[in-house]
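Count residues from 1 along the sequence.
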Amino acid sequence: MIRNGIDIVDIKRIERSLKSESFKARVYGEDELKELESKRYESYAGAFCAKEAFAKALGTGVRRFSLCEVQVLHDEYGAPYFALSGKAQKIANEKGLEFSLSIAHTDTVATASVIAYGKEDRI
């Protein structure tokens, strides 16, 4: 089984939302915030898009789990990946899905694409 999710967001919208501590707490996880604190708004927007695209690829939309359970982190080469926890991890495990993530942005918008695939689809 292979699924795709994609999202796009206006960076200014995320910049405005970040003024609210409750937005940050609802959307971003602790480890993710540590990575993001030295980054620009584009990175916050990219992570937000990735979470929305994840929900689409998972097939649930943003329900049954919290966005902060889907953290966007980066490996030693800068490649983004998901660190799942809580209900998000449980649903992904139940569906037997793994995820590939790509994030891009311009000066005004950020976008993310997520491919969800079963272990049998791994290359």
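The two atoms that bring E35 and V72 nearest to each other are OE1-O, 4.2 Å, heavy atoms only. In terms of heavy-atom proximity, V114 sits nearest to A50 at CG2-O, 3.9 Å. Across all their heavy atoms, A25 and C68 have their closest contact at O-CB, 3.9 Å. Closest heavy-atom contact between A110 and G46: CB-N, 3.7 Å. Taking all atoms of both residues into account, the shortest heavy-atom contact from H74 to Y81 is C-CE2, 3.5 Å.
Note that the OG atom of S17 and the CG atom of D10 stand 10.0 Å from one another [nearest 0.5 Å]. To the nearest 0.5 Å, the span separating CD on E52 from OG1 on T111 amounts to 11.5 Å. Note that CZ of R16 is 11.0 Å distant from CZ of F23, once rounded to the nearest 0.5 Å.
Between L84 and V70 there is a side-chain heavy-atom pair separated by less than 4.5 Å.
Under the 4.5 Å side-chain contact rule for hydrophobic residues, L33 and L73 do not share a cluster. There is no path of hydrophobic side-chain contacts, each under 4.5 Å, that joins I6 to F99. A continuous path of Ile, Leu, Val, Met, Phe, Trp and Tyr side chains, each step under 4.5 Å between heavy atoms, connects V9 with V62, placing both in one hydrophobic cluster. In the hydrophobic clustering of ILVMFWY residues, with side-chain heavy atoms under 4.5 Å counting as a link, Y41 and L67 come out together. Note: the hydrophobic cluster containing I8 does not contain L101 (ILVMFWY, side chain heavy atoms under 4.5 Å, direct or indirect links).
A donor-acceptor pair under 3.5 Å links the side-chain atoms of T106 to the main chain of T108, judged by distance alone. K95 places a side-chain N or O within 3.5 Å of a backbone atom of L58 that can act as its donor or acceptor partner. Listed for the Y28 side chain is a donor-acceptor partner under 3.5 Å among the backbone atoms of Y44. In this structure, the side chain of E69 engages the main chain of A88 through a donor-acceptor pair within 3.5 Å. In terms of modelled atom types and a separation under 3.5 Å, the side chain of E32 and the main chain of Q71 share no donor-acceptor contact.
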Worksheet entry | Stepwise side-chain contact (heavy atoms from CB on, under 4.5 Å) test for K56 and D7 | CA-CA 9 Å; K56 293 170 185 175; D7 197 61; 3.0 Å; yes

Worksheet item: Between E94 and K90, is a salt bridge (charged side-chain N to carboxylate O under 4.0 Å, His left out) present by the stated rule, with each step listed?
Response: CA-CA 6 Å; E94 287 171 354; K90 183 176 185 240; 3.3 Å; yes

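Ion pair K34/E30 flagged as a salt bridge, since at least one NZ, NE, NH1 or NH2 atom sits closer than 4.0 Å to an Asp/Glu carboxylate oxygen.
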